[in-house]
Amino acid sequence: MSDVKSPEFPVASNFIHSMIDKDLEAGKYGGKIYTRFPPEPNGYLHIGHAKSICLNFTTAQKYSGACNLRYDDTNPVKEDVEYVESIEEDVKWLGFMWNRRLFASDYFDTMYECAVRLIQKGKAYVCQLTPEEIREYRGTLTEPGKESPFRNRPVAENLRLFEEMKQGQYREGEMVLRARIDMASPNINMRDPILYRIAHQTHHNTGDRWCIYPMYDYAHPLEDAIEGITHSICTLEFEDHRPLYDWVLQELEWPAPPQQIEFARLNLTNTVMSKRYLKALVDDGHVEGWDDPRMPTIAGLRRRGYTPEAIRDFCERIGVSKANSTVDISLLEHCIREDLKARVESRNVVENPIRVIITNYPEDRVEEMELENNKEAPELGTRKVPFSRELYIDGEDFQEFPEKKYFRLFPGNEVRLKGAYFITCQQVVKNPDGSVRELLCTYDPGTRSGGGFEGRKVKGTIHWVDAKTAVEITIRAYDHLMIKNEEGETVLNPDSLKVIRAMAEPALLEAKGGERFQFFRHGYYMADPVLTTDKKKVFNRIVDLKSSYK
RNA sequence: UGGGGUAUAGCCAAGCGGUAAGGCAACGGAUUCUGAUUCCGUCAUGCGAAGGUUCGAAUCCUUCUACCCUAGCCA
């Protein structure tokens with residue numbers, strides 16, 4: 001195979017690498033390791049797949065090999081082209097490039113020939129038991145199975161029947177091709193597992209060319225072997241299938257067969273990962289689609305504002321092992337904050353705005369205040385923001401009756417307006433209904449930011465926007481899609497999406513879909529690439545600022 | 001109940017006979033023109049339990065225990 005490598009990323013060592021190291025020391029595989037990422041195109045990729053993608057691609061990278069993207073499309077009833085397109089996009093977006101992009105269904109001819117060989121060897125037979133009978137004959141966890149009456153059919157008859165199955169002469173469920181192994185095996189997977197079933201279905205790739213389709217346990221080892229995969233990395237539930245994986249390749253006398261290694265799939269707190277459930281959320285209209293920013297899909301995380309760098313970093317940090325585990329979602333959130341804080345610009349945005357009038361500031365005066373875009377990254381420069389007599393401050397930055405240890409604005413208190421002046425709240429003006437209408441404040445002209453004023457300190461600094469030039473934006477703030485109720489069951493969170501109106505500095509009018517910012521005090525946001533238009537700016541909250549106040 | 005796995009801190013996770021890495025979370029403290037960031041510090045005499053081998057055990061042996069997977073013509 002041609003060795004097209006993905007961009008190189010740092011790789012943390014894990015138990016799979018240790019196993020590979022031993023193989024390599026034993027002189028196996030000629031020093032190169034080939035892997036594959038084999039999704040079934042029956043849904044969108046999620047963060048759990050990202051773990052597998054990172055593992056497979058970086059492992060191949062580490063050992064000078066390559067990784068294929070292969071669609072495991074052996075069951076036409078569940079699969080769709082919509083999904084193959086999204087999968088490709090998501091893998092690329094994560095930053096990986098496959099060596100080859102393949103369909104398992106492209107190997108159907110080879111798989112068929114291999115099945116014929118197994119029949120010829122007496123290792124497979126056509127069975128006409130009904131599905132119910134097959135289940136009964138299989139036995140139970142504690143009782144051995146019974147042999148099918150068709151088990152000792154002559155080879156020639158098996159060959160003829162299998163050919164006829166392929167020709168479409170039988171109905172679905174009427175017969176199957178089975179491996180001839182051991183009905184008394186303690187491993188139920190070895191009790192004459194089904195190799196081929198009949199399905200008169202149109203396949204997204206092969207159309208109506210086939211009406212028999214191979215089962216996963218038979219197809220997968222062949223797919224790996226055909227592609228020259230050395231290590232077939234899959235999840236824990238396939239551990240019991242490994243003897244069958246090995247059996248197929250051994251009976252076919254495949255030289256240098258690949259080896260299957262299992263690892264634990266990713267679980268995240270407050271997150272549902274099963275494709276079945278995610279599909280139901282989409283189909284039942286609980287979310288806007290597979291790319292809803294609340295979804296744990298790659299597409300959802302992308303639209304929410306997560307970066308590929310953050311997701312890759314997360315996948316490195318969680319490690320790889322065989323222990324069932326549930327990673328705390330706060331680690332993922334840490335990764336995106338860590339990535340964004342160094343490269344994203346800040347903007348002043350106030351939620352639940354409160355009007356502030358600086359009574360001693362000239363009515364017609366406008367100043368340009370220079371604000372740092374990112375304190376941690378001076379190379380991101382500064383921007384100019386207008387400042388005048390009437391401003392808005394954030395609803396959370398004023399308390400008429402301050403709680404203990406509150407050191408932002410309250411009557412009689414002085415705070416700094418970030419990048420501007422000290423102001424003191426002199427009077428609270430109320431609406432007829434008792435709510436706060438506006439705050440009358442005074443400013444100290446000697447305290448302008450950058451002026452070197454050292455006369456006195458204030459404990460609070462708050463952000464603001466100029467009332468005259470402020471633009472209104474819509475913020476979509478997300479919470480967990482799933483929460484636990486009183487009974488401890490995981491249920492849909494009715495408050496997973498909050499729409500917030502906010503006032504922002506005029507520069508945000510220029511924001512393009514996909515641009516990310518830090519909104520002071522509120523966390524990290526991204527202009528929604530789907531909803532943001534020239535007239536209407538919508539920002540998705542990626543993640544909160546980590547904070548202990550509130 | 002058969003078979004296959006897994007147990008190291010609140011959550012992940014290194015460790016592979018020489019005396020418990022690291023990250024997240026949490027909690028202190030310093031700095032701060034945003035209670036963020038940054039910086040420093042605390043956080044398992046303990047590795048599911050009990051025995052045993054050894055000068056020495058999370059690592060080896062024995063016996064338990066708990067949890068996960070497995071009886072699709074899904075993958």
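By convention in this document, chain letters (A, B, ...) are assigned in the order of the sequence lines, proteins followed by strands, and residues within each chain are numbered from 1.
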inquiry  = Classify His241(A) by what it touches in the nucleic acid, base, sugar-phosphate, or nothing, heavy-atom distance under 4.0 Å.
reply    = base
query = Can you check whether Tyr421(A) reaches Phe387(A) side chain to side chain, under 4.5 Å on heavy atoms?
reply = yes
query = If the C1' atom of rA14(B) is compared with that of rG23(B), how far apart are they to the nearest Å?
reply = 11 Å
request  = Find out whether the Lys NZ or Arg CZ of Lys322(A) is both under 6.0 angstrom from the six-membered ring centre of Phe263(A) and within 45° of the ring's axis.
outcome  = no
request  = Please determine if a side-chain N or O atom of Ser325(A) lies less than 4.0 Å away from the OP1 or OP2 oxygen of rC11(B).
outcome  = no
message = Within the 4.0 Å limit for protein heavy atoms, which parts of nucleotides 24-33 of chain B are touched? Write it as a string from 5' to 3', B for base, S for sugar-phosphate only, - for none.
response = SS------SB
query = Between rG35(B), rA75(B), rU37(B), which nucleotide has the shortest distance from any of its atoms to the side chain of Tyr406(A)?
reply = rG35(B)
task = Output yes when Asp224(A) and Arg70(A) qualify as a salt bridge under the 4.0 Å nitrogen-oxygen rule, no when they do not.
result = yes
ask   = Side-chain N or O of Thr142(A) less than 4.0 angstrom from OP1 or OP2 on rG3(B)?
value = no
inquiry  = For a quick check, tell me whether the side chain of Asp240(A) and the base of rG3(B) share a donor-acceptor pair closer than 3.5 Å.
reply    = yes
remark   = Among the nucleotides rU38(B), rC12(B), rU70(B), whichever has the atom closest to the side chain of Val327(A) is rC12(B)
task = Over 60° means perpendicular and under 30° means parallel, so classify the ring planes of His241(A) and Phe238(A), tilted if in between.
result = perpendicular
request  = Let me know which of Asn75(A), Asp72(A), Leu244(A) forms a side chain to side chain contact (heavy atoms under 4.5 Å, CB included) with Tyr216(A).
outcome  = Asp72(A)
message = If you only use heavy atoms from C-beta on, which nucleotide in rU70(B), rG3(B), rA75(B) is closest to the side chain of Pro186(A)?
response = rG3(B)
message = Classify Tyr196(A) by what it touches in the nucleic acid, base, sugar-phosphate, or nothing, heavy-atom distance under 4.0 Å.
response = nothing
query = Quantified in whole Å, what is the P atom distance between nucleotide rC43(B) and nucleotide rG22(B)?
reply = 12 Å
query = Relative to the ring of Tyr44(A), is the ring of Tyr83(A) parallel (under 30°), tilted (30 to 60°) or perpendicular (over 60°)?
reply = perpendicular
Pick out the pairs of N or O atoms, protein on one side and nucleotides 5-7 of chain B on the other, that lie under 3.5 Å.
| residue | atom | partner | partner atom | Å |
| --- | --- | --- | --- | --- |
| rG5(B) | O2' | Glu239(A) | OE1 | 3.2 |

key: Ion pair check, Arg383(A) and Glu505(A), cut-off under 4.0 Å   = yes
Rounded distance in Å between the C1' positions of rG46(B) and rU19(B) = 12 Å
ask   = With sugar-phosphate meaning primed atoms plus P, OP1 and OP2, does Ser18(A) contact a base, only sugar-phosphate, or nothing at under 4.0 Å between heavy atoms?
value = nothing
ask   = Under 6.0 Å between ring centres, would you say that holds for Phe410(A) and Phe398(A)?
value = no
note = With syn defined as a glycosidic angle within 90 degrees of 0 and anti as anything else, the base of rG52(B) is anti
query = Tyr218(A) vs Tyr196(A) aromatic rings, parallel, tilted or perpendicular, using cut-offs 30° and 60°?
reply = tilted
